[in-house]
Amino acid sequence: MSQPPSGFARALAALREAGVDFVVVGVGGINFYARTPGEVFATVDLDTLLRPAAENLAAALRVLSGIGYAFEVGGEPFVDLEDAEVLSRVVSRGAALTATHPGEGQIDLMTSMAGFSYEELSSDATPFRVSEVEVRVGSLEKLLHSKERSGRPKDVEFLRAFAARMSGDGEG
């Protein structure tokens, strides 16, 4: 008998089993491509890009709420989990919600991201097995490109560290 999943694996499995359309992105997505533990980057959250539709966001919120996650937008509690109008505005603005669970971590539920649409990222996403379910992860090339396109200082620094680590010079 297998053990129940925990942390991010539990949340990803719950989202997939509920039919939520998403792709894992960000540093967490990049980590799926690590060949050795030394290639993994520490991150405090897991980024997911949801298919930008109010009903898809509602399904994600319902599932994660059901396993104990709470939600925030811009540092404020988000409680309108079933309000279709509010969820439509979240999607139309390309906003992200933060889902947190004590002891299990933080998942960013994004409805847009730098450089790529959901369709562009999902079209060639790579499947990975997590807790007996398959999750889709954005292609490594596109995830790195998104970091470049964002231009945020933390992404520029990540790309520098990633390049150093992949070149084998021991930096980063």
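Heavy-atom basis, side chains included; hydrogens, waters and symmetry copies ignored.
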Minimum-distance pair of heavy atoms, taken over all atoms of [X] and [Y]:
X	Y	result
Asp45	Phe8	C-CZ, 3.9 Å
Ser112	Leu49	N-CD1, 3.5 Å
Asn56	Gly19	OD1-O, 4.4 Å
Ala114	Ser146	O-OG, 2.8 Å
Ala11	Ile107	CB-CD1, 3.3 Å
Met166	Arg35	SD-NH2, 4.0 Å

Ionic contact status for [Y] with [X], cut-off 4.0 Å:
X	Y	answer
Glu157	Lys154	no
Arg149	Asp155	no
Arg10	Glu104	yes
Arg51	Glu55	yes

Of all pairs that satisfy ring pair (Phe, Tyr, Trp, His ring centres under 6.0 Å), the ones with a partner from residues 82-129, not counting sequence neighbours: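 Qualifying pairs, neighbours excluded: Phe32-Phe128, Tyr33-Phe128, Tyr69-His101.
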Are there more than 12 heavy atoms of other residues, nucleotides or ligands under 6.0 Å from atom CD of Glu141?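 At most 12 heavy atoms, drawn from other residues, nucleotides or ligands, come within 6.0 Å of this atom.
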What residues, two or more places apart in sequence or in another chain, satisfy side-chain contact (heavy atoms from CB on, under 4.5 Å) together with Asn31?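 Scan of Asn31 (side-chain contact (heavy atoms from CB on, under 4.5 Å), adjacent residues dropped) gives Val27, Val40, Phe41, Thr43.
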Same cluster or not: Val73 versus Val79, using hydrophobic residues (I, L, V, M, F, W, Y) connected whenever any side-chain heavy atoms lie under 4.5 Å apart?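 No, no single cluster joins them.
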Joint cluster assignment, Ile30 & Leu159, ILVMFWY side-chain distance < 4.5 Å: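 Same cluster: Ile30 reaches Leu159 through Ile, Leu, Val, Met, Phe, Trp or Tyr contacts under 4.5 Å.
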Acceptor/donor pairs from residues 86-99 side chains to any protein atom, 3.5 angstrom cut, sequence neighbours excluded:
{"unit_1": "Ser88", "atom_1": "OG", "unit_2": "Ala84", "atom_2": "O", "d": "2.9"}
{"unit_1": "Arg89", "atom_1": "NH1", "unit_2": "Glu85", "atom_2": "OE2", "d": "3.2"}
{"unit_1": "Ser92", "atom_1": "OG", "unit_2": "Ser88", "atom_2": "O", "d": "3.4"}
{"unit_1": "Ser92", "atom_1": "OG", "unit_2": "Arg89", "atom_2": "O", "d": "3.1"}
{"unit_1": "Thr98", "atom_1": "OG1", "unit_2": "Asp108", "atom_2": "OD1", "d": "3.4"}

Going from CG on Leu109 to OG1 on Thr48, what distance comes out if it is rounded to the nearest 0.5 angstrom?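 One gets 4.5 Å once the value is rounded to the nearest 0.5 Å.
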